[in-house]
Amino acid sequence: RDKDPKKASKLAFALAKLNQREGDIGQAKKFGKEAINLILKTKREKLSDVDAPEIYIAGVAIPGLFHENTIRRELEPLVL
């Protein structure tokens, strides 16, 4: 987490989506909040800091523009 919070945030996001799909809302919220906390630790001064090619982790599409608002939007209707 401390070495690469952006990568850790993407992994937490994938876990949140997987738990959301399975109906485990408590775990989905836990991992969604962790994804947000981690992404807030990353440098976000310019577009290239949040822009990356879309990737898949465990079958979950990680958006190309990955930032706090994207995480919240992608995990709706969860309130994080």
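As a basis for the values below, the full set of heavy atoms in this structure was taken, side chains included, without hydrogen atoms, waters or symmetry mates. Every value quoted in this text rests on a predicted model; they were computed, and no experiment measured them.
Looking at Ser9 and Ile71, their side chains come closer than 4.5 Å, going by heavy atoms from C-beta outward.
Here the CD1 atom belonging to Ile62 is positioned 4.0 Å from the CD1 atom belonging to Ile57, to the nearest 0.5 angstrom. Rounding to the nearest 0.5 angstrom, the gap separating the CG atom in Leu65 from the CZ atom in Arg73 is 8.5 Å. Here the straight-line distance linking atom CG of Asn69 with atom CD of Glu74 works out to 11.5 Å at 0.5 Å rounding.
Linking Ile, Leu, Val, Met, Phe, Trp and Tyr whenever their side-chain heavy atoms come within less than 4.5 Å leaves Leu15 and Ile39 in two separate clusters. Hydrophobic clustering (side-chain heavy atoms under 4.5 Å, transitive across Ile, Leu, Val, Met, Phe, Trp, Tyr) keeps Leu38 apart from Phe31.
Val60 and Ala14 get closest at one heavy-atom pair: CG2-O, 3.9 Å. What you find for Gly32 and Ala16 is that their closest heavy atoms are N-CB, 3.5 Å.
The list of side chain to side chain donor-acceptor pair (under 3.5 Å) pairs with a residue in residues 19-32, not counting sequence neighbours, is empty.
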Would Ile36 and Phe13 satisfy side-chain contact (heavy atoms from CB on, under 4.5 Å), going step by step from the backbone distance to the final call?
CA-CA 8 Å; Ile36 289 171; Phe13 173 79; over 6 Å; no
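Arg72 pairs by the side-chain hydrogen bond (donor to acceptor under 3.5 Å, both in side chains) definition with Glu68, not counting sequence neighbours.
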